[in-house]
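Residue indices begin at 1 and follow the sequence shown.
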Amino acid sequence: LGPFHANLLVPAFLPGGRTTVDGVHLLHGEPVHHSAFARDGLFGYSTSHLPAWVEQKTGGGIAAAAVQQLTLAELDAAEEVPGLELLVDRLRRLEGQPWVAVDAQQPRQLEALGQAVAQLTRDGQRFLAQSAASLINGLVPLPPQPLDCQGLAQLRRRSPQGRPLPGLVLVGSHVPLADQQLGRLLQDPACVAIELPVAKLARVLEGPAPQEQLGSLELAWLMQLREVCSGEQTPVLFTSRGELQCASAAERRRLGLELAALMARLAAAVAPGLGYVVSKGGITTHTLMADGLHREQVELQGQLMPGLSLVLAGDLPVLTFPGNLGDAQSLWQAWKLMQSAQ
């Protein structure tokens, strides 16, 4: 896609409590490398300082000293015309496609960056951004959300007789916050747990005739899903908690993709009779959309709760729920909102 004028690193995700100050990425004010997310076997890291993070993730290919920083002071000053002109001039003078770590605590700071980038792209410059979703609000002047949370819930599909169709909740994320959210959801008697045992699945995938054995297990889980969907309850399909220790990062990645693909196949098999899906975890949601539902694009409808985007995959509402977002109640609250459509 390149070349690009510069690479912008903007991980601030304001609805999720993630900010960046002086080049240090924070979660609710604490350096993010102190969090459980930093200990992930596949995506983990040992520093919250973005230039050092770039050096770590590139295996030293890009030195921390080569990563530039765009500060809160520069972005705050850009709210006024002279400061915006200085910001535009600084970005215009970047050479050699450098990485630029961007601070952000408030939406207005990302809006200032968006104005500067828009002005430069009109002049023919191109930027690559590795970012969270908050940057999009700075780059694009979005109108007010047309549907409130109740309006979004009313997108739930119905039977030909007008009765709301059942929902499905998928939980692939395994961080402690997701564990808490899943535990709270399963306290509700209207939710039925269907657990995919990760250790057993790993043994099946490594053993003889893995596809035959997996096919038999998959059929049993599919029958469970259909049975719950035929009643008045919501099936909650989730991988067993904790992170299975693998021999290598490649093996861990392969297992994660296999699990996500299994969940996507099961969800897709019951999708024609569903009113909505709540999907928690980035890989889980991406695999559901791309491989399970075979969607090349989806239509964004709005946010049911801060950071929780509801999209239409065809006419099926899918609530995308990041693994690291919300508190212990959020998954249950989101499910209750989707269930409220009558």
Side-chain donor or acceptor of Arg241 paired with backbone N/O of Thr239 under 3.5 Å
yes
Measure the shortest side-chain to side-chain distance between Leu266 and Leu237 over non-hydrogen atoms and say whether it is less than 4.5 angstrom.
yes
Under 4.5 Å side-chain linkage, directly or through intermediates, the cluster mates of Leu128
Leu1, Phe4
Show me, pair by pair, the donor-acceptor contacts under 3.5 angstrom made by side chains of residues 309-326, not counting sequence neighbours?
residue : atom : partner : partner atom : Å
Asp315  : OD1  : Arg157  : NH1          : 2.7
Thr320  : OG1  : Ser309  : O            : 3.0

Start with the C-alpha gap between Ser48 and Trp53, add the side-chain angles, then the distance that decides, and say whether side chain to side chain donor-acceptor pair (under 3.5 Å) holds.
CA-CA 7 Å; Ser48 301; Trp53 180 87; over 6 Å; no
Walk me through it: do Val88 and Leu120 pass the test side-chain contact (heavy atoms from CB on, under 4.5 Å)?
CA-CA 7 Å; Val88 169; Leu120 290 166; 3.8 Å; yes
Count I, L, V, M, F, W, Y as connected when their side-chain heavy atoms are under 4.5 Å apart, and connections chain through other members. Are Trp335 and Leu308 then in the same cluster?
yes
Verify side chain to side chain donor-acceptor pair (under 3.5 Å) between Gln125 and Arg92, making sure each step is shown before the conclusion.
CA-CA 8 Å; Gln125 293 188 348; Arg92 181 182 286 117; 5.6 Å; no
Once you round to the nearest 0.5 Å, how far does CZ of Phe43 lie from NZ of Lys57?
8.5 Å
Leu139 CG to Glu111 CD distance, which is reported to the nearest 0.5 Å
10.5 Å
Please give me the minimum heavy-atom distance between Leu168 and Leu225, naming the atom from each residue.
CD1-CD2, 3.9 Å
Does Pro189 offer a backbone N or O that forms a donor-acceptor pair with the side chain of Gln233 under 3.5 Å?
yes
Residue Gln187 excluded, over 12 heavy atoms near CD under 6.0 Å:
yes
Side chains of Trp332 and Gln329: does their closest heavy-atom pair fall under 4.5 Å?
yes
At their closest point, which heavy atom of Gln105 faces which heavy atom of Gln109, and how far apart are they?
N-OE1, 2.6 Å
Yes or no on side chain to side chain donor-acceptor pair (under 3.5 Å) for Thr71 and Glu74, after CA distance, side-chain angles and deciding distance?
CA-CA 5 Å; Thr71 67; Glu74 291 175 281; 3.2 Å; yes
Ser173 side chain to Ala178 main-chain N or O, any donor-acceptor pair under 3.5 Å?
no
Go through the steps for Asn137 and Leu110 under the test side-chain contact (heavy atoms from CB on, under 4.5 Å), then give the verdict.
CA-CA 8 Å; Asn137 297 81; Leu110 295 177; over 6 Å; no
Do you know which two heavy atoms are closest between Ala341 and Arg156, and how far apart they sit?
O-NH1, 3.5 Å
Within the distance-only criterion (no hydrogens, no angle test), does the side chain of Thr285 pair as donor or acceptor with the backbone N or O of Gly282 below 3.5 angstrom?
no
Sub-3.5 Å donor-acceptor pair from the side chain of Ser230 to the main-chain atoms of Glu227, do we have one?
yes
Donor-acceptor pair, distance only, cut-off 3.5 Å: does the side chain of Glu80 make one with the backbone of Pro82?
no
CG of Leu331 to CE of Met305: how many Å apart, nearest 0.5 Å?
9.0 Å
Is a side-chain N or O of Gln180 found less than 3.5 angstrom from the main chain of Ala328, in a donor-acceptor match?
no
Could you walk me through whether Glu206 and Lys200 pass the salt bridge (Lys or Arg N to Asp or Glu O under 4.0 Å) check?
CA-CA 10 Å; Glu206 294 168 2; Lys200 180 177 181 178; over 6 Å; no
Glu195 atom CD, over 12 foreign heavy atoms within 6.0 Å
yes
Do Gln97 and Asn7 make a side-chain contact, defined as non-hydrogen atoms from C-beta onward lying under 4.5 Å apart?
yes
Side-chain donor/acceptor of Thr20 to backbone N/O of Val24, under 3.5 Å
no
Mind checking whether Val102 and Leu75 have side chains closer than 4.5 Å, heavy atoms only?
yes
Any side-chain heavy atom of Glu258 sitting closer than 4.5 Å to one from Met263?
no
Walk me through whether Val236 and Val192 qualify under side-chain contact (heavy atoms from CB on, under 4.5 Å).
CA-CA 6 Å; Val236 181; Val192 177; over 6 Å; no
Please answer: with hydrophobic residues joined when any side-chain heavy atoms are less than 4.5 Å apart, are Met289 and Val278 in the same cluster?
no
Please report the C-alpha distance between Gln106 and Leu14 in whole Å, then the side-chain angles of each, then the deciding distance to 0.1 Å, and finally whether the side-chain contact (heavy atoms from CB on, under 4.5 Å) criterion is met.
CA-CA 7 Å; Gln106 302 291 333; Leu14 305 182; 5.6 Å; no
On a heavy-atom basis, the closest approach of Ile283 and Ala260 is CG2-CB, 3.9 Å
Would you give the length of the straight line joining atom CG of Leu259 to atom OG1 of Thr284, rounded to the nearest 0.5 angstrom?
8.5 Å
Sidechain-backbone polar pair: His25 side chain, Leu50 backbone, donor-acceptor under 3.5 Å
no
So which atom in Ala268 and which in Gly292 form the shortest heavy-atom distance, rounded to 0.1 Å?
CB-O, 3.2 Å
Are Cys229 and Pro235 close enough that some pair of their side-chain heavy atoms sits under 4.5 Å apart?
yes
Evaluate the criterion salt bridge (Lys or Arg N to Asp or Glu O under 4.0 Å) for residue pair Arg108 and Asp76; output intermediate values, then yes/no.
CA-CA 8 Å; Arg108 55 184 170 78; Asp76 286 339; 2.7 Å; yes
Please report the interatomic distance CE(Met223) to CD(Glu218), rounded to the nearest 0.5 Å.
13.5 Å
Decide yes or no for Leu170 and Lys280: does some side-chain heavy atom of the first lie under 4.5 Å from some side-chain heavy atom of the second?
no
Hydrophobic clusters here meaning ILVMFWY residues chained together by side-chain heavy-atom distances under 4.5 Å, can you tell me if Tyr276 and Leu165 are in one?
no
Under the side chain to side chain donor-acceptor pair (under 3.5 Å) criterion, do Thr47 and Gln56 qualify, and how do the steps go?
CA-CA 8 Å; Thr47 179; Gln56 185 176 97; over 6 Å; no
Least distance between heavy atoms, Asp22 atom then His49 atom
O-CD2, 4.2 Å
If hydrophobic clusters are built from ILVMFWY residues whose side chains come within less than 4.5 Å, do Leu70 and Leu86 share one?
no
Residue pairs meeting ring pair (Phe, Tyr, Trp, His ring centres under 6.0 Å), one or both in residues 115-169, sequence neighbours left out, come to His5-Phe127
Reported CG-to-CG distance for the pair Leu196 and Leu217, which is rounded to 0.5 angstrom:
9.5 Å
Give the cluster check for Val169 versus Leu337: same hydrophobic cluster or not, with ILVMFWY residues linked at side-chain heavy-atom distances below 4.5 Å.
yes
Just wondering, do Ser131 and Pro11 contact through their side chains at under 4.5 Å, heavy atoms?
no
